[in-house]
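Structure, as structure tokens:
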Amino acid sequence: MQKDKYIALSRKYRPTTFDEVTGHEVAITILKNQLSSKKLAHAYLFTGLHGTGKTTLARIFAKSLNCDNPSGANPCNACTSCKEITASTSLEVLEIDGASNRGIDDIRNINETVGYATFQGKYKIYIIDEVHMLTKEAFNALLKTLEEPPANTKFFLATTEPHKIPATILSRCQRIDLKRIDTKQIKAKLLGIKEELSLPISDDALSVISRLGEGSMRDAESLLESIIAYSDKNIGVKEIYHILGIPAKELFFQLDKAFEKEDSGAIFDLAETLFSSHTNLTSLIDELAMHYKFIAKTLLHKEDSSLLTEEEKNGYKEATSIYSYAAVLEILSILADTYHYQFPPISKRIHVELLLQKILSCKHAKSAQEILSYLKGVQMQPSSAPQNIEKAPIQNPVPSPSQAPKEEQKISTTKQTMQDTVMQFAAVELGSKLNRL
């Protein structure tokens, strides 16, 4: 048997007690209080983004319920029950994958064994992961058992899509919502892994990985694992972008310079570099949106500089003198609209070039307030219609000389009235939209 069996970082550093869990203070407090008060629900639903710890919390909760020597609300991780649950060999805690065991027959098997007495532990616990994948018939078969299970039986359901679960099931579960893990907390754990394994990676690089994890601890740990597998030498921010195939921030700062100079030629060169770095346009849109989000927050003095490198801090500081807040909002609106387009499997370069040119066209974007002020100014200007046209000399008499000036004045006045009406309507409409924001 191989002694030095490799274990993935996400499994090796999976929390084994409530105190080791990163984030989720509210959820942990609820579970701890129920353990101490012995006021337990018969079914729990753990929901949240993938990689945030739904199944991990369910396992820790199950260990605490069946632990022989608990330390407060935390399991001891030393008794037989805790060891078996950790190794997934427990006869009392059964983990079921709802994606592959989703039929009515699979649920019937649970219903047939739910009343059996426990062998060692205090509770028989069923952990059903990805429970939203069950069929309608399977949910119906589970419903009655979930509503009135035996006293020593608990159901822990986990899902990333609670909206797909029937309301009849939801109403019989105590819901535990897990939010995205804060980026600072993710970085703190990655720093701990770095120190324990003596990894040759910079703190700035860990900041980038933490941001790319987007609230998922497992995603961040998987990214770190991919990076340390690439090289055992010093790894910095540039190496991170190279390994993950992501354009460096330097390219986006070049886009800022082209925007400042309205240099359409530079856009085509930049589009070539960005196009070659992506297999699809969606990932590029994500990174562009994140770039302009940082610019918007910097303009509003809301940026979190603790997770930015020095190069990024300087780049975003310079960007504040290039973009107006109205221009940034217009660009973010363009990027948001682009999500709805249907791109081919391998996006053509023309899509990238067109997107960057659209961004460049926002150079002179005006805010809604500026447009409203302009419309009000036009509305307040004196009418340009002739005032004394009846007294003007008639050089070319017509058959009805007394009627011609009146008809001309009437036409001119009508045109001016129409223009004023349009301006008033635009000002009122824009003003009402601003009031609704």
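Predicted model only: the values in this text are computed from it and were never measured.
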Member of Ile110, Asn109, Asp106 meeting the side chain to side chain contact (heavy atoms under 4.5 Å, CB included) criterion with Ile96: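 Result for side chain to side chain contact (heavy atoms under 4.5 Å, CB included) with Ile96: Ile110.
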By the definition side chain to side chain contact (heavy atoms under 4.5 Å, CB included), identify the one residue from Leu284, Leu288, Ile285 that meets it with Thr338.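 Checked Leu284, Leu288, Ile285 against Thr338; only one passes side chain to side chain contact (heavy atoms under 4.5 Å, CB included): Ile285.
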Would you check if there is a donor-acceptor pair between the side chains of Glu84 and Thr80 at a distance under 3.5 Å?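 Side-chain D/A pair, Thr80 to Glu84: absent.
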Give, for atom [atom1] of [X] and atom [atom2] of [Y], the distance between the pair rounded to the nearest 0.5 Å.
X: Asn69; Y: Cys67; atom1: CG; atom2: SG; answer: 6.0 Å
X: Phe268; Y: Ser264; atom1: CZ; atom2: OG; answer: 7.0 Å
X: His42; Y: Phe155; atom1: NE2; atom2: CZ; answer: 9.5 Å
X: Ile235; Y: Ile209; atom1: CD1; atom2: CD1; answer: 8.0 Å
X: Leu354; Y: Ile267; atom1: CG; atom2: CD1; answer: 11.5 Å
X: Leu142; Y: Ile104; atom1: CG; atom2: CD1; answer: 11.0 Å

Do any side-chain atoms of residues 125-133 form donor-acceptor pairs under 3.5 angstrom with protein atoms, and if so which ones, sequence neighbours left out?
unit_1 : atom_1 : unit_2 : atom_2 : d
Tyr126 : OH     : Thr113 : OG1    : 3.0
His132 : ND1    : Thr159 : OG1    : 2.7

Below 4.5 Å, heavy atoms only, C-beta onward: do [X] and [Y] meet side chain to side chain?
X: Ser64; Y: Pro75; result: yes
X: Glu137; Y: Ile107; result: no
X: Leu206; Y: Leu224; result: yes
X: Glu318; Y: Lys257; result: yes
X: His24; Y: Ile181; result: yes
X: Pro150; Y: Lys124; result: no
X: Leu356; Y: Ile359; result: yes
X: Ile228; Y: Leu9; result: yes

Counting N and O atoms only, with roles assigned by atom type, does the side chain of [X] sit under 3.5 Å from a partner on the main chain of [Y], one being a donor and the other an acceptor?
X: Ser202; Y: Ala205; result: yes
X: Lys154; Y: Ala41; result: yes
X: Asn66; Y: Glu92; result: no
X: Ser216; Y: Gly213; result: no
X: Ser333; Y: Leu329; result: no
X: Arg180; Y: Glu214; result: yes
X: Lys122; Y: Asp68; result: no

Set out, in order, the CA-CA distance, both residues' side-chain angles and the distance that settles side chain to side chain contact (heavy atoms under 4.5 Å, CB included) for Ile165 and Leu45, then state yes or no. CA-CA 10 Å; Ile165 300 176; Leu45 176 65; 3.9 Å; yes
Please determine whether side chain to side chain contact (heavy atoms under 4.5 Å, CB included) holds for the pair Tyr230 and Ile240, giving the CA-CA distance in whole Å, both sets of side-chain angles, and the decisive distance to 0.1 Å. CA-CA 10 Å; Tyr230 174 81; Ile240 295 292; over 6 Å; no
Which heavy-atom pair separates [X] from [Y] by the least distance, and what is that distance?
X: Lys83; Y: Ala78; result: CE-O, 3.1 Å
X: Phe294; Y: Arg211; result: CZ-CD, 3.8 Å
X: Leu178; Y: Ala27; result: CD2-CB, 3.7 Å
X: Tyr292; Y: Val328; result: O-CG1, 3.5 Å
X: Ile60; Y: Pro15; result: CD1-O, 3.8 Å
X: Ile334; Y: Cys362; result: CD1-SG, 3.5 Å

Step through it carefully: locate the ring centre of His351, locate the ring centre of Phe275, and say whether they are under 6.0 Å apart.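 Not close enough - the centres of the two rings lie 6.0 Å or further apart.
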ring-ring contact (aromatic ring centres under 6.0 Å, His included) contacts in which one or both residues fall within residues 56-101, not counting sequence neighbours: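 Sorted pair list: Tyr44-Phe61, Phe61-Phe156.
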Checking Lys261 now: which residues fulfil side chain to side chain contact (heavy atoms under 4.5 Å, CB included) with it, not counting sequence neighbours?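 For Lys261, the residues satisfying side chain to side chain contact (heavy atoms under 4.5 Å, CB included) (neighbours in sequence not counted) are Asp263.
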Taking only residues two or more places apart in sequence, or in another chain, which ones meet Leu143 in a side chain to side chain contact (heavy atoms under 4.5 Å, CB included)?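 By the side chain to side chain contact (heavy atoms under 4.5 Å, CB included) rule, Leu143 matches Thr168, Ile169, Arg172.
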Ionic contact status for Asp19 with Lys32, cut-off 4.0 Å: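 Answer for the salt bridge query: yes.
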Step by step, would you call Ile201 with Glu239 a side chain to side chain contact (heavy atoms under 4.5 Å, CB included)? CA-CA 10 Å; Ile201 185 170; Glu239 287 75 18; over 6 Å; no
Determine, step by step, whether His50 and Asp219 satisfy the side chain to side chain contact (heavy atoms under 4.5 Å, CB included) criterion, reporting the C-alpha distance in whole Å, the side-chain angles of both residues, the deciding distance to 0.1 Å, and the verdict. CA-CA 9 Å; His50 66 275; Asp219 285 359; 2.9 Å; yes
For residues 186-193, dump all side-chain donor-acceptor pairs below 3.5 Å to protein atoms at least two apart in sequence or in another chain.
unit_1 : atom_1 : unit_2 : atom_2 : d
Lys187 : NZ     : Ser207 : OG     : 2.7
Lys189 : NZ     : Tyr13  : O      : 2.9
Lys189 : NZ     : Glu221 : OE2    : 3.2

Is it the case that more than 12 heavy atoms not belonging to Lys313 sit under 6.0 Å from its NZ atom?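 Yes, because the 6.0 Å sphere around NZ of Lys313 holds more than 12 heavy atoms from other groups.
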Could you list all the side-chain hydrogen bond (donor to acceptor under 3.5 Å, both in side chains) pairs where at least one residue sits in residues 240-255, not counting sequence neighbours?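 Listed once each, the pairs are Tyr241-Glu312, Lys249-Tyr316.
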